[in-house]
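Lettering follows sequence order; numbering is per chain, from 1.
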Amino acid sequence: MASATPYFFNTLTRHKEPFEPLEPPCVRAYACGPTVYDHPHLGNFRYFIWVDVLHRYLRWRGYEVELVINLTDVDDKTIARAAAAGVDLPQFTERYARAFFDGLEALHTLPATHYPRATDHIQEMVELIERLLASGHAYRSDGSVFFRVASFPAYGRLARLDPEQMRSTERVEQDDFGKEDRRDFALWKKAKHGEPAWDAPFGRGRPGWHLECSAMSMKYLGTTFDLHLGGVDLVFPHHENEIAQSEAVTGEPFVRTWMHCSHLIVEGVKMSKSLGNFYTLAQLLERGHDPLAIRYLLASVHYRRQLNFTFEAVEQAASAITRLRQLVVRSEQEASRLPQSAPERTTQLDNALQLAREGFATALDDDLNTAGALGSLFTLVRETHAALDDGAADGVTLAAVLDWLREADKIWGLLPVDDPLLEFRIQHAGKEILARGPKVSAQIEALIRQRAMARAERDFGAADRLRKQLAELGIELDDTAQGVRWRRAGTI
RNA sequence: GGCGGCGUAGCCAAGUGGUAAGGCAGCGGUCUGCAAAACCGUCUACCCGAGUUCGAUUCUCGGCGCCGCCUCCA
């Protein structure tokens, strides 16, 4: 692929900036991961799909991406929920870590390089705290340790918050007791009875939430790295605090580009349990929604725009995927029998391909404009169908289209991969029929053969009965000019 | 109260200082034994008001509506 420069919107500067990794071709990225205290919901996956598309885009652009997604497995919520469930914390969090990974798999995300867990990095966090204490950026108070925000003048730069105003906030939290300044935040929380705790030189306790991300990101990616990703809600205080504690320790810039994904709303309103419109991925899959339709929908809206999730839109997404796959299926069927030289009139399809390539790349390079890229992609889909209908396509150009669609799909992850195909020819009643589809049982294969023969005899009554019989077995048939194609119901 | 985002056809959603991608749905055709897919045609959009401009959906201001952040929620 051409080596155009991506432009990303950097929350730090609030501008789109050319993205140049510190040490190309390597890109080091950290994405704030889930707190594993419940089944991940749609909003979580909107974010993780975005991370995945960004990951795939960077690889597609030729970068070697080191992606770290952490799991928060110790915090107020995990502790409280585990206690309520009467389960050990590790056992409890493992349950939801599993649910998280299951969801990622169902949605066809590429694996990250590391999935570190907070509880496996207590030592790294303790070391950071010791260094912060030694340099005066942190202080002990009643068994806990707090970060001294006043010692870090750049505080508030990411979130664009006025430090003076923050100081005068009325809100009082339980953990605020013992702070020098309202803005200070906990690095280490004093052990409470019955809660998980670790020994540390400054007292037994557990880490504050923000610290884990500093510890794990710097451990795996270095003290300065390229990209740090999160949901918009994390801009403040989480990321602001990460910057403060990390840069206070290292004296170096922590992250070069901060990117944040907007939230998802459902049917036009905020997703919340009290409104009854709160959905986990597992719930949607149980309802029979196609995970890839969900993937498509979540990926098709620009990440900085609030995404309005509707059930109608999921169905529409499923249709859109079908359209894309239909073209791939058709092209595969027709490519080999088309002339392998390019007659002049195919320049039309070739032009369409070039336009699609350019439009697609340009859109993605512009702050990962997925909707724009899909526009280019589907324009080519239409043009290719039209060229095939008009007999204006040659095998070489069509193969190039097919190659490009597969290349583009490295970002979307919607096309079936290495789906084993079964193919056979039936010669009957003076006709030869090609049949192809995914692997099926011998019984189903026999029915498909029978029906093909019935059709060759023009015994359509029998053919329709067999079609119906196969439908009951979950197999649908498409009769095309190139032969019969079967597929599992609901797939393409 | 402070800060920010959004408002494009029936639905989802790009984009642009010179009347606007794409997907889905609708309608009318073509093709098809049936079914599906596909193709062609078609319908329909830039929240309201003022301003800047030769010209604004695109810039500015105001209004309305929706959403979010302001210490642990992706």
Item to check | Stepwise side chain to side chain donor-acceptor pair (under 3.5 Å) check, A:Asp290 with A:Tyr296 | outcome: CA-CA 10 Å; A:Asp290 178 358; A:Tyr296 179 94; over 6 Å; no

Checklist entry - On a whole-Å scale, what distance lies between the C1' atoms belonging to B:C66 and B:U8? => result 15 Å

Checklist entry - With rounding to whole Å, what would you report as the distance between B:C12 and B:G2 at their C1' atoms? => result 34 Å

Checklist entry - On a plain distance test, is the side chain of A:Lys189 in donor-acceptor contact with the base of B:C72 below 3.5 Å? => result yes

Checklist entry - Considering only the P atoms, how many Å lie between B:C48 and B:U57, rounded to the nearest integer? => result 9 Å

Checklist entry - Between A:His302 and B:A13, do the rings stack, that is, sit under 5.5 Å apart with planes less than 30° off each other? => result no

Checklist outcome for this item: Using Watson-Crick geometry (N1-N3 plus N6-O4 or O6-N4) or G-U wobble (N1-O2, O6-N3), each under 3.5 Å, B:G49 is paired with B:C61

Next on the checklist: B:C34, OP1 or OP2 - any side-chain N/O from A:Arg467 closer than 4.0 Å?
Outcome noted: no

Next on the checklist: Is it the case that B:C11 (base atoms only) and A:Gln316 (side chain only) share a donor and an acceptor within less than 3.5 Å, ignoring hydrogens and angles?
Outcome noted: yes

Determine all donor-acceptor pairs shorter than 3.5 Å in which one atom belongs to a side chain in residues 38-52 of chain A; sequence neighbours excluded.
from: A:Asp38; atom 1: OD2; to: A:Arg81; atom 2: NH1; distance (Å): 3.4
from: A:Asp38; atom 1: OD2; to: A:Lys273; atom 2: NZ; distance (Å): 3.4
from: A:His41; atom 1: ND1; to: A:Gly43; atom 2: N; distance (Å): 3.0
from: A:His41; atom 1: ND1; to: A:Asn44; atom 2: N; distance (Å): 3.2
from: A:His41; atom 1: NE2; to: A:Asn44; atom 2: ND2; distance (Å): 3.2
from: A:Arg46; atom 1: NH1; to: A:Ser262; atom 2: O; distance (Å): 2.9
from: A:Arg46; atom 1: NH1; to: A:His263; atom 2: O; distance (Å): 3.2
from: A:Arg46; atom 1: NH1; to: A:Arg305; atom 2: O; distance (Å): 3.0
from: A:Arg46; atom 1: NH2; to: A:His302; atom 2: O; distance (Å): 3.0
from: A:Arg46; atom 1: NH2; to: A:Arg305; atom 2: O; distance (Å): 2.9
from: A:Tyr47; atom 1: OH; to: A:Cys32; atom 2: N; distance (Å): 3.2
from: A:Tyr47; atom 1: OH; to: A:Cys32; atom 2: O; distance (Å): 2.9
from: A:Tyr47; atom 1: OH; to: A:Leu229; atom 2: O; distance (Å): 3.2
from: A:Asp52; atom 1: OD1; to: A:Leu110; atom 2: N; distance (Å): 2.8
from: A:Asp52; atom 1: OD2; to: A:Arg56; atom 2: NE; distance (Å): 2.9
from: A:Asp52; atom 1: OD2; to: A:Arg295; atom 2: NH1; distance (Å): 2.8
from: A:Asp52; atom 1: OD2; to: A:Arg295; atom 2: NH2; distance (Å): 2.8

Checklist entry - Quick one: the side chain of A:Asp479 and the base of B:C34, do they pair up donor-acceptor inside 3.5 Å? => result yes

Checklist entry - Are A:Arg304 and A:Phe9 in a cation-pi contact, defined as NZ or CZ under 6.0 Å from the six-membered ring centre and within 45° of the axis? => result yes

